[in-house]
Student: 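Pasting a structure here, questions to come.
Heads up: numbering here begins at 1 and tracks the sequence.
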Amino acid sequence: MCGITGWVSFDRELRAEDATLHAMTRTMACRGPDDSGIWAEGPAALGHRRLAIIDLPGGRQPMTVDTPDGPVVLVYSGETYNFTELRRELTDRGHRFTTRSDTEVVLRGYLEWGEALPERLNGMYAFALWDARTDTLLLVRDRMGIKPLYYAPTDDGVLFGSEPKAVLANPLARPRVRLDGLREVFALVKTPGHAVWDGLREVEPGTVVTVDRTGVRTRVYWRLETRAHTDDRATTITTVRSLLEDIVRRQLVADVPRCTLLSGGLDSSAMTALAARQLAEQGEKVRSFAVDFAGQADHFVADELRGTPDTPFVHDVVRTAGTAHQDIVLDAQALADPGVREKVIRARDLPTGFGDMDTSLYLLFRAIREHSTVALSGESADEVFGGYLQFFDEEARTADTFPWLVRFARHFGEDAGVLRPELTRALDLPAYTADGWRTAAAAVERLDGESDLEYRMRRMSHVHLTRFVRILLDRKDRASMAVGLEVRVPFCDHRLVEYVYNTPWALKSFDGREKSLLREATADLLPRSVYDRVKSPSTQDPAYATALQDQVQDLLARPSHPVFDLVDRERLRRAASPGGPVRTQAARRSLERTLDLAVWLDVYRPELVLD
């Protein structure tokens with residue numbers, strides 16, 4: 001897992017731009033604390049920061065192969081889980097390897113298969129490859145968008161990087177955000193390719209971006225397609241289990257300490273139990289980590305979003321699976337720490353909008369990094385198997401909008417609730433969201449003879465897998481890589497995603513519950529308590545809400561702060577008043593959003609174009 005960046009300028013000799021290249025690469029230091037490297041020749045320059053996972057001494061980058069017609073150079077972030085099979089095939093075809101790394105497999109795979117390489121890869125990856133034989137740059141991203149990659153076309157080439165901050169470190173890029181960028185910040189819809197910053201694009205999942213002297217082109221090598229599912233229930237359950245066994249086995253491969261993230265919910269418990277059983281066969285014990293909140297037992301109140309605290313279920317899994325476990329306990333002071341908020345904003349490059357769920361994730365990852373370098377996560381199982389409450393909510397099912405927005409509005413209020421009225425009108429988020437929904441819904445193919453209910457549920461699944469999951473994957477990637485932790489997501493293996501996506505809803509919920517297939521596929525591994533529960537994380541400590549209130553009062557005492565170009569001071573004052581509704585989800589979210597915006601404006605000083 002690493003950070004990559006680079007610059008192609010067909011009108012320049014980039015060896016003369018050493019200072020700028022180093023500045024761009026330094027922004028990725030948190031993603032790659034173990035090593036760094038830069039390659040520059042003619043119109044191309046590539047930078048790399050390395051987090052060493054496989055072949056610690058041999059996987060240095062940029063990695064180069066010299067050919068009679070010029071070098072081919074690769075900077076790569078991520079993991080290719082089928083690299084062993086690919087290496088064997090390439091060896092049979094005459095390639096000779098000098099390292100044990102998956103990076104060299106990708107590089108030599110390109111020499112063998114050219115632009116058809118991505119279709120052969122199973123993994124999470126984002127990489128840039130400069131082919132001096134044709135003066136061509138390829139930017140490639142994995143199928144599900146697990147690893148990020150951004151680019152900004154210039155007059156004579158392109159800038160690129162794992163994160164926007166790498167591109168923004170180049171003087172050719174301007175830290176400017178227009179209304180469409182702010183719409184993306186507040187709408188919670190993740191428009192494909194949109195990167196918020198003006199002039200910046202996100203390489204879309206399953207896509208190759210090609211840059212040469214004729215310009216920039218894109219090719220989609222994978223998309224989520226509709227296919228008929230012919231397996232019966234028993235076969236489907238068996239297939240899901242078989243896929244999970246193979247996926248977890250592949251994703252446990254590393255030359256550094258590994259662990260699992262355990263929440264006590266079905267997803268992470270099943271994944272942890274599979275990992276524990278497989279490592280036990282090798283005489284190893286899996287390490288597991290869970291987040292808990294100080295005083296949670298005292299403050300917990302069940303509601304529709306949080307039915308039970310996590311910790312008792314976590315410990316049931318630990319006993320059943322036999323993991324070496326540690327609870328990471330966070331208190332309100334740590335969650336509300338302005339310094340931690342700033343680190344999260346710097347990691348995300350944006351005002352994030354998830355409040356204590358973001359800070360707790362960052363703090364959890366930071367604590368885990370003291371013990372492990374690789375962690376397996378249950379992220380994305382809800383999208384794959386249909387686990388969210390909106391899948392069973394008739395209003396969300398039938399609404400002419402993104403289903404999660406129905407539930408978010410019900411429980412958290414509108415994101416734009418404290419914005420200045422004139423900005424709210426200019427953003428027109430309802431129209432922006434409606435346009436996005438129409439585009440997303442139109443991309444869903446319907447099977448011949450598919451019932452209205454099945455098609456509606458297919459559409460819900462599709463938009464969760466192509467829109468909502470990308471928000472969560474980006475959040476996970478930024479928070480983990482900010483502390484140099486690689487987090488792998490077994491449930492995002494494209495084979496599992498394709499298979500379960502095309503399983504009819506009647507099979508996905510055959511017992512009337514969420515994630516029926518996953519539950520039955522791993523039933524033999526789970527304690528009964530976890531088999532029967534629904535997961536729900538977040539702090540309810542009133543001290544956290546009070547800390548937010550105090551910080552917003554400090555902000556209100558600075559009326560010249562640029563955040564008030566966006567936020568209405570009186571609305572904010574009411575939300576943060578001592579007798580106000582600060583402990584409601586909606587009010588707390590407004591305070592968190594405002595503080596995020598203030599930190600973002602202080603750190604990045606973006607040029608805002610609000611017309």
Student: Rounded to the nearest 0.5 Å, how far apart are CZ of R241 and OG1 of T522?
Tutor: 7.0 Å
Student: Report yes if the side chains of V140 and L129 come closer than 4.5 Å at any heavy-atom pair, otherwise no.
Tutor: no
Student: For a salt bridge (Lys or Arg N to Asp or Glu O under 4.0 Å) check, start with the C-alpha distance between E225 and R223, then their side-chain angles and the critical distance, and finish with the verdict.
Tutor: CA-CA 6 Å; E225 296 179 342; R223 59 168 53 89; 5.2 Å; no
Student: Parallel, tilted or perpendicular: which one describes the rings of Y388 and F391, with boundaries at 30° and 60°?
Tutor: parallel
Student: Quick one: do F491 and M271 satisfy side chain to side chain contact (heavy atoms under 4.5 Å, CB included)? Show the steps, please.
Tutor: CA-CA 9 Å; F491 291 108; M271 179 267 301; 4.3 Å; yes
Student: Is any side-chain N of the basic residue among R250 and D246 closer than 4.0 Å to the acidic one's carboxylate O?
Tutor: yes
Student: Do R96 and T91 come within less than 4.5 Å of each other through their side chains, counting heavy atoms only?
Tutor: yes
Student: Check whether any side-chain heavy atom of T359 lies under 4.5 Å from a side-chain heavy atom of F354, and answer yes or no.
Tutor: no
Student: Taking C-beta and beyond as the side chain, do T320 and L526 meet within less than 4.5 Å on heavy atoms?
Tutor: no
Student: What verdict does the salt bridge (Lys or Arg N to Asp or Glu O under 4.0 Å) test give for R478 and D474, after you've listed the backbone C-alpha separation in whole Å, the side-chain angles of each residue and the deciding distance to 0.1 Å?
Tutor: CA-CA 6 Å; R478 301 303 188 84; D474 183 72; 3.5 Å; yes
Student: Please check if any side-chain donor atom of D231 sits under 3.5 Å from a side-chain acceptor atom of H229, or the reverse.
Tutor: no
Student: Taking side chain as C-beta onward, heavy atoms only, is T373 less than 4.5 Å from I53?
Tutor: yes
Student: Is there a side-chain contact between E79 and Q251 (heavy atoms, below 4.5 Å)?
Tutor: no
Student: Is the distance between the ring centroids of H464 and F402 under 6.0 Å?
Tutor: no
Student: Find the distance between CG (N122) and CZ (F83) and round it off to the nearest 0.5 Å.
Tutor: 12.0 Å
Student: Show the numbers, then the answer: is there a salt bridge (Lys or Arg N to Asp or Glu O under 4.0 Å) between E119 and R219?
Tutor: CA-CA 12 Å; E119 285 90 333; R219 177 179 72 87; 2.9 Å; yes
Student: Answer yes or no: is there a side-chain heavy-atom contact under 4.5 Å between I368 and L261?
Tutor: yes
Student: Quick one: which of R60, R50, Q61 gives a side-chain hydrogen bond (donor to acceptor under 3.5 Å, both in side chains) with D35?
Tutor: R60
Student: Given T311, which of D292, D327, D316 fulfils the side-chain hydrogen bond (donor to acceptor under 3.5 Å, both in side chains) condition?
Tutor: D292
Student: Would you give the length of the straight line joining atom CG of L472 to atom CG of D477, rounded to the nearest 0.5 angstrom?
Tutor: 12.5 Å
Student: Using the salt bridge (Lys or Arg N to Asp or Glu O under 4.0 Å) rule, take K165 and D349 through it: C-alpha gap first, then chi angles, then the decisive distance, then the call.
Tutor: CA-CA 7 Å; K165 60 174 64 69; D349 294 312; 3.0 Å; yes
Student: Please report the interatomic distance CZ(R233) to CD(E520), rounded to the nearest 0.5 Å.
Tutor: 8.0 Å
Student: Does some side-chain heavy atom of L266 sit less than 4.5 Å from a side-chain heavy atom of F385?
Tutor: no
Student: Out of curiosity, R143 CZ to L224 CG, how far, rounded to the nearest 0.5 Å?
Tutor: 12.0 Å
Student: Which label fits W505 and F392: parallel for a plane angle under 30°, tilted from 30 to 60°, or perpendicular past 60°?
Tutor: tilted
Student: Under a plain distance cut-off of 3.5 Å, with no hydrogens placed, do Y110 and D131 share a side-chain donor-acceptor pair?
Tutor: yes
Student: Which heavy atom of L51 sits nearest a heavy atom of E486, and at what distance?
Tutor: CD2-N, 4.0 Å
Student: Distance from L465 atom CG to E383 atom CD, nearest 0.5 Å?
Tutor: 7.0 Å
Student: Run the side chain to side chain donor-acceptor pair (under 3.5 Å) test on D493 and Y81 for me, step by step, so that the C-alpha distance in whole Å, both residues' side-chain angles and the decisive distance to 0.1 Å come before the verdict.
Tutor: CA-CA 10 Å; D493 185 290; Y81 301 125; over 6 Å; no
Student: Taking all non-hydrogen atoms of both residues into account, name the closest pair between S269 and G264 and its distance.
Tutor: OG-C, 3.5 Å
